[in-house]
Each structure stands twice: as C-alpha cells, then as structure tokens.
There are 2 protein chains.
Amino acid sequence: MTAHDPVIACGNCPIRHNAICAECESDELSMLERAKSYKTVPVGTPLARAGEPLSHFSSLVKGCAAMSRTLEDGRRQTVGLLLPSDFIGRPGRATSPFDVTALSEVTLCRFERTAFERIVRDTPHVASRLLTMTLDELDAARDWAVVLGRMTAREKLAAFLLNLAQRQRSVRGMARPSGKILVALPMSREQMGDHLGLTIETISRQITALRKDGLIEVPSRQDIRILDYDALAFEAGDDGDGAPIA
Amino acid sequence: MTAHDPVIACGNCPIRHNAICAECESDELSMLERAKSYKTVPVGTPLARAGEPLSHFSSLVKGCAAMSRTLEDGRRQTVGLLLPSDFIGRPGRATSPFDVTALSEVTLCRFERTAFERIVRDTPHVASRLLTMTLDELDAARDWAVVLGRMTAREKLAAFLLNLAQRQRSVRGMARPSGKILVALPMSREQMGDHLGLTIETISRQITALRKDGLIEVPSRQDIRILDYDALAFEAGDDGDGAPIA
DNA sequence: CGATCCGTTGAATTACGTCAATAGACGTGG
DNA sequence: CCACGTCTATTGACGTAATTCAACGGATCG
C-alpha cells in the first residue's frame, strides 16, 4: 500500500451506492469502515493470479482491470472487464479462478479474506448485495458468450464499444447514451483482441472499417467517438427491439 | 401439471444434496415441502422465454434443458446446459434474460415466484446456497467464454465432451472420469453447434475426425464413448497441469 | 536522433461456413 | 413386413472471414 493513498470515507465514496456496500445502513457502514483498507497500484499490476490464493477481496474504486485466462500456448481470453464498483475476488474459494490485471492505475477498497467472509455471513445487506451483483455478472457473462460464439468481428467490436459507452456512462450516473459519445479505451488493441476473441490485426482493420463507414471517429489511440449510437447498435445486431447486446 | 407426477418427498429426492435446498435443516425442508410443486413436461417444452415474465422458479430434478438466446436473424447461442439440481429462473428480476428449453422430458420442483423470493429473504441456508450456486455458475460461464472465444472447433468439441462426461458422473456421484466413458448426448448436432458456436456440419466433421483419430467411438447418434479421457483432455488444450477446461 | 513499442496495412493462408447431394434412422400406413 | 416420407446426420465442393506472416509508419522516450 502506498502511504499517500487518499483516505476516503464511506460517506463520500464514489462507489457508495453501487458497490458491495450499496444496501448498507450507517451502522453497517461504520463496521465496514473499520475493516477496510485502501490500496493504489500502478498500471499492469497483477491483482490476482489464476489458481493462486487471494488474501483480500476488493471493490474497485477507481481505474480499470481485466479478468482473464491464458492457455499454455499463449492464447488469452478476457472474461470480464472490471470498472469502478465492481468486485474482485471469489467468495467461497481460497483461490481465484482467473487472472486479474490492472489496466490503469487502480485504487482498491480491500477487506481481508476471512474478515470479509465473516461480514458476508453476519450482514444480510452485504450478502444480499453480493448475490445481486453476482447474478448481474452472470447475466453479463452469458450475454458476452453470445457475442463470442455467434458474432462477426465487426459486430463484436460494435458490441464492445456500445458496452463500454453504457458502462462508462452509468459509472458517471448518466442516462442511456445516444448520438455522439466519446469512449475512453482503457486498453491496448491486443487486450481488446483478447476480450473479443480476435487478433490485434482484425481489431485494427475493423476499427478502420467502422471509421471509413462513418460510424466512429478515432481522435487518438485511446479514444473512440461513437458518431451515431443507434446506427452502431444496428451494426451489433441490435435491431432496436430491446434485445441486449452485452 | 400432469396428474401422474410421482410425489417425491424431499427426504429421498435425488437432488436433495446438490440443489438449492442442499444446506437446509429438516425444519426448513418441511417448509419447502409445503411450498413446492412438481411438474413434468415433454421434450421441447419452453420452460422460459427471453424477456417474458416467469411465474415460477424451479430446480431441475430429472432430464436436461438448455438456456439460450436467439438473434433476429436466427443465429442462436446456448449459454448454459442445465442438468439435475440446476436452478431455473432469475431471482431479482420478473423476466428471464434467456430462453430455457427442455432437451428431454423434464421434471421440475417448482416454487411460485413471490413465495420463493420470500423464502430466500427469510431462509439464510437457501440464500447462502443460492449464492454458492450462482458463483459456481459464473465461474462456469466464464470458463465457457474461453472455449467460445479462443478454441478451435476440435478443441471445442473435446472440451464439450469432457465437460459433459464430468457432469454426468458428478450427478451420479462418481469420481473424476478416466479411461473409457460412455457419454449420453442429450441433444442434436444442431444444438451442439449452438452450444459451441459452430455449424452442424462442422460438428459432424469434428466428430468424424476424433473418431478416425481413435479418440472416441460413436455407438449411436446420441452416444459417444470417450476411449481415452486424458488424451481427449490433451486435445482440448489441457496439458494436464490442472487448468480447467470448462 | 536513434531505439522501441504499438498500431496499421497488405498479401497469402486456413479454418470454418455455406450450399448441395447423399445416406441412415425412424415412423406411418398399406 | 415392406414401401414410403420425413427428419437428422454425414460427406463433398466451394466460398469467405479471420488469422498469419511480413512490412511499414507514427508515437514516445531515452
């Protein structure tokens, strides 16, 4: 832990109403306050390693991380993109089933493993919130399976950009996006490829294709501007009938 | 509900120790006993439809079902294979995010929606078991994302057969399989394709290829005999170091 | 100013999909 | 029991989307 971590009080924590603590009353919050500790780590830091013990559970307060698995021959698949308020760790198991890596500088709100499992047991508002978040993640993982299994490269990229746009908005508490939106890409082309089950070259080509088709602008390497949200949603196979993309 | 459903007492229920009720004490069990009802439906019956209200939550007692989503143009992706003890329904939402279809004749142990949500709230042993099962399903969904995103057709089929072998054994309470195992395919080639993100023709060709390579036998359309479990695991990219296939 | 890293683009290859014909299973009725 | 129709699986020929291999270009940093 770095000495200069800002001490955040739960009361004015940016993820107070979305994280594991969202349902807590003030007395439960002060109990969490006593158990928590902050840690800020630089980009690239491994936050968990597949198969290895995990000493702490955390909420991601600030930054971005990726959950992934790497096969023996080097093929890698990202199975989840973690944004502020997302939970890191696998309650009920001592080891993490996946690697988790910081894609940017990341600030964590951490709980020691056994302390946290006691909290889950004794605090119904935490247990209930954990169940809700896990069910939502399960839906998201299954939605993503549809993207990975059945979509073309172009559709995958469109779905990814839309997903990212929605999540970045909802972190900032904004409504469903429409029209022009600037999306901050928190990762390299290679990591996008790992997330979408594509190669870096295919990612690059599809970005170029969407740009030439007037659907997006690429102001910089780490930004993409969606020029027409609904048109991009159409590219992702969403005909506007409400079926989720991811 | 059909009139001739066998009345199963929780005490000698085949999924007593694996389903949502696994952690319950006898008094909690008798409470569930009062709330439950059985239903047996023929193969092909839709048990839930994406986006539509779901009146009951169920445990799958007997048979096999698939959770899937179909895109507007007909592409379909199965996101979960449901075997005995698996849970059907989405607590916390009134509607199902996916279609669920019976792949065989299916017997369900059902609970009316609002009654079940009250049980979850009031029965920590049920809530806790539901969380455990949801976390396991989340791991499985993410494992499957690796298969869908990064594996070849041959690896996908091998991973599927291994997964099915393991689950069919564990339903019957057997140890990790090895050597020769007869796997009952609960689905058509088309449904296998939907599960693996492949076409029916590719499924057929890969079955032939694995057969010609001496890894499997195909005694009938709905059975495959794994001739060498470890060799097949190698085909699925598992070099034996313990990394899970699915 | 050169070295390195990351992204883009092009050309060739390949795995899987598509289209089409055939072959087995299975059920039904004669 | 056999003839027939239907449905599913297999196999072949061909097309194509994405990968692979390779060259190049533009940032960033010493």
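First the proteins, then the strands, lettered A, B, ... as listed; each starts at 1.
When rounded to the nearest whole Å, the span between CG of A/D223 and C1' of C/dC6 equals 16 Å. Atom pair A/L210:CG and C/dT8:C1' shows a separation of 15 Å (rounding to whole Å applied). C/dT8 atom P lies 11 Å from atom CG of A/L157, rounded to whole Å. Distance A/M151 CE to D/dA18 P: 13 Å, rounded to the nearest Å. Atom CG in B/D73 sits about 14 Å away from atom C1' in C/dG17, given to the nearest Å. With rounding to whole Å, B/R211 atom CZ is found 15 Å from D/dA9 atom P. Rounded to an integer number of Å, the gap from CZ of B/R150 to P of C/dC16 is 14 Å. Between the P atom of C/dC16 and the CZ atom of B/R75 lies a distance of 18 Å, rounded to the nearest Å.
Residues forming a side chain to side chain contact (heavy atoms under 4.5 Å, CB included) with A/R225 (at least two apart in sequence, or on another chain): A/L182, A/E217, A/P219, A/L227. With sequence neighbours excluded, no residue forms a salt bridge (charged side-chain N to carboxylate O under 4.0 Å, His left out) with A/D99. In terms of the salt bridge (charged side-chain N to carboxylate O under 4.0 Å, His left out) criterion, residue partners of B/R150 (sequence neighbours excluded) are, by chain and number, A/D194. Scanning for salt bridge (charged side-chain N to carboxylate O under 4.0 Å, His left out) contacts around B/D228 gives an empty result, with sequence neighbours left out. Scored by the side chain to side chain donor-acceptor pair (under 3.5 Å) test, B/T152 finds B/E155 as partners (sequence neighbours excluded). For B/F87, the ring-ring contact (aromatic ring centres under 6.0 Å, His included) partners at least two apart in sequence or on another chain are B/F57, B/F116.
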Return the polar atom pairs (N/O with N/O) between nucleotides 24-28 of chain D and the protein under 3.5 Å, or none.
none

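Applying the salt bridge (charged side-chain N to carboxylate O under 4.0 Å, His left out) test to pairs two or more places apart or on separate chains, those with a residue in residues 77-87 of chain B are B/D86-B/R167. Judged as a salt bridge (charged side-chain N to carboxylate O under 4.0 Å, His left out), the pairs with a partner in residues 41-51 of chain B (not counting sequence neighbours) are, in order, B/R49-B/E52.
Residue B/L198 holds its CG atom at 11.0 Å from CZ of B/F160, rounded to the nearest 0.5 Å.
OP1 or OP2 of C/dT9 lies within a sub-4.0 Å distance of a side-chain N or O belonging to A/T208.
Listed candidates were C/dT8, D/dA9, C/dC16. Nearest to the side chain of B/Q206 is C/dC16.
Within residues 182-203 of chain A, the residues having any heavy atom under 4.0 Å from DNA chain D are, by residue number, A/G197, A/L198, A/T199, A/E201, A/T202.
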Only distances under 3.5 Å count here; give the side-chain donor-acceptor pairs of residues 199-207 of chain A to other protein atoms, sequence neighbours excluded, each with its distance to 0.1 Å.
{"residue": "A/T199", "atom": "OG1", "partner": "A/T202", "partner atom": "N", "Å": "3.3"}
{"residue": "A/T199", "atom": "OG1", "partner": "A/T202", "partner atom": "OG1", "Å": "3.0"}

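Summary for the helix from C/dC1-D/dG30 to C/dG30-D/dC1: the axes at its two ends, each from 5 pairs, differ by 30° when rounded to the nearest 10 degrees.
Side chains of B/T134 and A/T134: no donor on one and acceptor on the other come within 3.5 Å.
Taking 3.5 Å as the limit, the base of D/dT20 and the side chain of A/R205 contain a donor-acceptor pair of atoms between them.
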